Amino acid sequence: MDDNRILILDFGSQFTQLIARRIREERVYCEIHPPTVSLAWIREWNPRGIIFSGGPASVYDTDVPTADRAILALGVPVLGICYGMQLLAHLEGGRVVPGQREYGRAEIDVQDPDELFAGFKAGEKAVVWASHGDHVEAPPPGYRKLATSDTLPVAAFRAEDRPIFGVLFHPEVAHTPRGAELISNFLFRICGCQPTWTPGSFIEDHIAGIRQQVGDAEVICGLSGGVDSSVAAALVHRAIGDRLTCIFVDTGLLRKGEREGVERAFRQHMGTRLVVVDAAAEFLGKLAGVEEPERKRKIIGETFIRVFERAASDGGADARFLVQGTLYPDVIESLSVRGPSATIKSHHNVGGLPEDMALELVEPLRELFKDEVRNVGRELGLPEELVGRHPFPGPGLAIRVLGTVTEEALATLREADSIYLEEIRAAGLYDDIWQAFAVLLPVRSVGVMGDFRTYENVVALRAVTSRDGMTADWYPFPHDVLGRVSSRIINEVHGVNRVCYDVSSKPPATIEWE
């Protein structure tokens, strides 16, 4: 990879990943690292620019994240955002004071457009998103103001003799309407970056990297049928061909037609060596009588590992490498300066593989966000039904059957879910929705069909919009679409006489019911 890249030092902001996403959207490569990385490492990594992220701390607190002031002498452009600006001011001898808390929309007065505010006019007002408790009372010696506000004496500044900038708001969030312009100005006008980060360049670079890593060894991949594992498998297959063996475990907890879709995509379209293991009976046997969702997850994870181990031993005995679809958010989380967060529920992906498998990992997507993975998949020629599909949890339909998981319950849910997604696609709404699925509730309701009383199952429908799954809003379906879905499910799915729609947002609810 070339040196056309930006380093983001993460001081704990909830928006740090958004900074990276905005930069990647400009087709510039960037990485997020903790501020504890050494000066020598930064020199070797050789970024075109450095961004200090926001964060919840005050520069006057004890044991707060800080940065080596020598970074500012590297000659590399620096942009401090919110806490990052306060830290710049503190390191350079400016005056940071507590008080003047601002959270939410604010308005700044651009006094000096300079390079960062190129495209703005002197005296122009701009709406921004603020989230700070301290503020910069006066810029450091050798710095000048670029913007102020009614409440802030310094809303943005820059060094007179070096390309060092700070803003006391968040240009990366959508609530700062012209924030993308500021980020673009920093990348291209100030850092001199080029928009070279494309799916095609990523594939070219990583095919060479995969070949170098694995040499002439055999490789296996646990293929789930989801976006991440599918794209990872396709990329590795492009690099090494038939030395890759994909193992697909049919847990019996999949959606309608899912196994057939995976076989069609990888065997027929891509010519990948694929081993399919039918383990439905084993999974259902382990889940018999289990209602508690965390126990379901643990049982499914453990069973998956054992089944995969057996399949790997039979079908990939000579393999030395294992492909995993690790994404960049997973890598960021392991490097974050944030404290531990509460466990709401176990991760939806099926549990990790045992440490004693003695296989070296190949993680070709570990630099990518989800939307970038989809674009790489399209570039590799994967069908849209795979790369554009909604997220699907590793435990599958087991956590969408509330209560005991049985073949009968799975069959009912599978048919209802299939009708739901079919109607969403027919209405042209699938790509507007982050995730949509049906849930089989552990209750029955009275109904009437013809002249007969019924006492049958209730299906709940869930659909949300989201950018990254961290927060989500329920999707406002046209009533006629919901009506068609409900009518079809009740008429076509045996044993269902009532359909409900979930209008909860995240938070306080989670996206999945279990």
Side-chain angles (χ1 to χ4, degrees), residues 224-228 230-231 253-266 268-269 348 370-371 373-375 377-378 381-393 396-397 399-402 409-441 445 447 449 454 456-469 472-506 509 511-513:
S224 70
V227 177
D228 306 338
S230 297
V231 175
L253 308 171
L254 305 174
R255 285 176 168 175
K256 185 176 180 178
E258 196 156 14
R259 172 174 169 173
E260 295 79 7
V262 169
E263 290 188 272
R264 184 169 56 251
F266 281 86
Q268 297 177 18
H269 293 321
H348 291 316
K370 191 79 169 188
D371 52 340
V373 172
R374 296 187 196 278
N375 289 333
R378 293 182 179 104
L382 284 174
E384 189 62 28
E385 67 187 57
L386 270 181
V387 297
R389 66 173 293 183
H390 293 171
F392 186 62
L397 298 181
I399 60 169
R400 294 177 180 172
V401 172
L402 274 57
L410 287 167
T412 299
L413 178 59
R414 199 172 277 122
E415 289 301 319
D417 188 74
S418 177
I419 289 170
Y420 183 30
L421 295 180
E422 184 180 311
E423 287 296 330
I424 288 173
R425 287 191 171 96
L429 302 175
Y430 188 84
D431 292 337
D432 297 336
I433 298 169
W434 164 266
Q435 193 171 7
F437 55 90
V439 179
L440 185 64
L441 303 186
S445 74
M449 291 185 177
T454 62
E456 294 181 333
N457 294 298
V458 180
V459 167
L461 305 178
R462 181 77 157 135
V464 298
T465 57
S466 179
R467 186 175 185 91
D468 52 17
D473 292 320
W474 58 275
Y475 184 76
F477 273 115
H479 291 181
D480 62 321
V481 174
L482 280 179
R484 281 198 304 274
V485 173
S486 176
S487 178
R488 282 196 60 194
I489 289 175
I490 291 171
N491 284 302
E492 297 177 31
V493 181
H494 178 72
V496 176
N497 69 358
R498 191 176 300 271
V499 174
C500 306
Y501 185 58
D502 181 351
V503 292
S504 311
S505 293
K506 177 186 179 181
I511 295 176
E512 295 284 350
W513 278 49

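As the structure is a prediction and not an experimental result, all values here were calculated from the model.
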Heavy-atom check, side chain of Phe392 versus side chain of Leu397, under 4.5 Å: yes
Any Pro391 side-chain heavy atom under 4.5 Å of Ile511 side chain: no
Step-by-step side chain to side chain donor-acceptor pair (under 3.5 Å) determination, Ser445 to Asn497: CA-CA 7 Å; Ser445 74; Asn497 69 358; 2.9 Å; yes
Note, Asn457 side chain near Val493 side chain (heavy atom, < 4.5 Å): no
Closest heavy-atom pair and its distance - Val485, Ile419: O-CG2, 4.4 Å
Closest non-hydrogen atom pair, Ala427 against Val481: CB-CG2, 4.0 Å
Counterpart residues, salt bridge (charged side-chain N to carboxylate O under 4.0 Å, His left out), relative to Asp371 (two or more places apart): Arg21
Atom pair CG/OG of Leu482 and Ser487 - distance to nearest 0.5 Å: 12.5 Å
Counterpart residues, side chain to side chain donor-acceptor pair (under 3.5 Å), relative to Asp502 (two or more places apart): Arg462, Ser504, Trp513
Considering all heavy atoms, the nearest Leu421-Ala436 contact: CD2-O, 3.6 Å
Distance (rounded to the nearest 0.5 Å) between Arg374 CZ and Leu386 CG: 11.0 Å
Close side-chain approach of Tyr475 and Leu429, heavy atoms under 4.5 Å: yes
Closest heavy-atom pair and its distance - Asp432, Thr465: O-CG2, 3.7 Å
Spatial distance of atom OG1 (Thr412) from atom CD1 (Ile489) [nearest 0.5 Å]: 11.5 Å
Residues in side chain to side chain donor-acceptor pair (under 3.5 Å) contact with Arg255, at least two apart in sequence or another chain: Asp417
Ring pair (Phe, Tyr, Trp, His ring centres under 6.0 Å) partners of residues 410-432, not counting sequence neighbours, each pair once: His390-Tyr430
Exceeds 12 heavy-atom contacts within 6.0 angstrom, atom NZ of Lys256: no
Residue pair Glu512 / Gln435, side-chain heavy-atom distance below 4.5 Å: yes
Pairwise distance CG(Leu410) to CD(Glu415) - rounded to 0.5 angstrom: 12.0 Å
Exam field: side chain Arg400 to backbone Leu440, donor-acceptor pair closer than 3.5 Å: no
Nearest heavy-atom neighbours spanning Ser230 and Leu382: O-CD1, 3.8 Å
Residue pairs, two or more places apart or on separate chains, that pass salt bridge (Lys or Arg N to Asp or Glu O under 4.0 Å) and touch residues 381-391: Glu258-Arg389, Arg264-Glu385, Arg378-Glu384
Stepwise side chain to side chain contact (heavy atoms under 4.5 Å, CB included) check, Tyr501 with Trp474: CA-CA 10 Å; Tyr501 185 58; Trp474 58 275; 3.9 Å; yes
Partner set under side chain to side chain donor-acceptor pair (under 3.5 Å) for Glu423, not counting sequence neighbours: Arg484, Arg488
Where Ser505 and Asp473 come nearest, the two heavy atoms and their spacing: OG-OD1, 3.5 Å
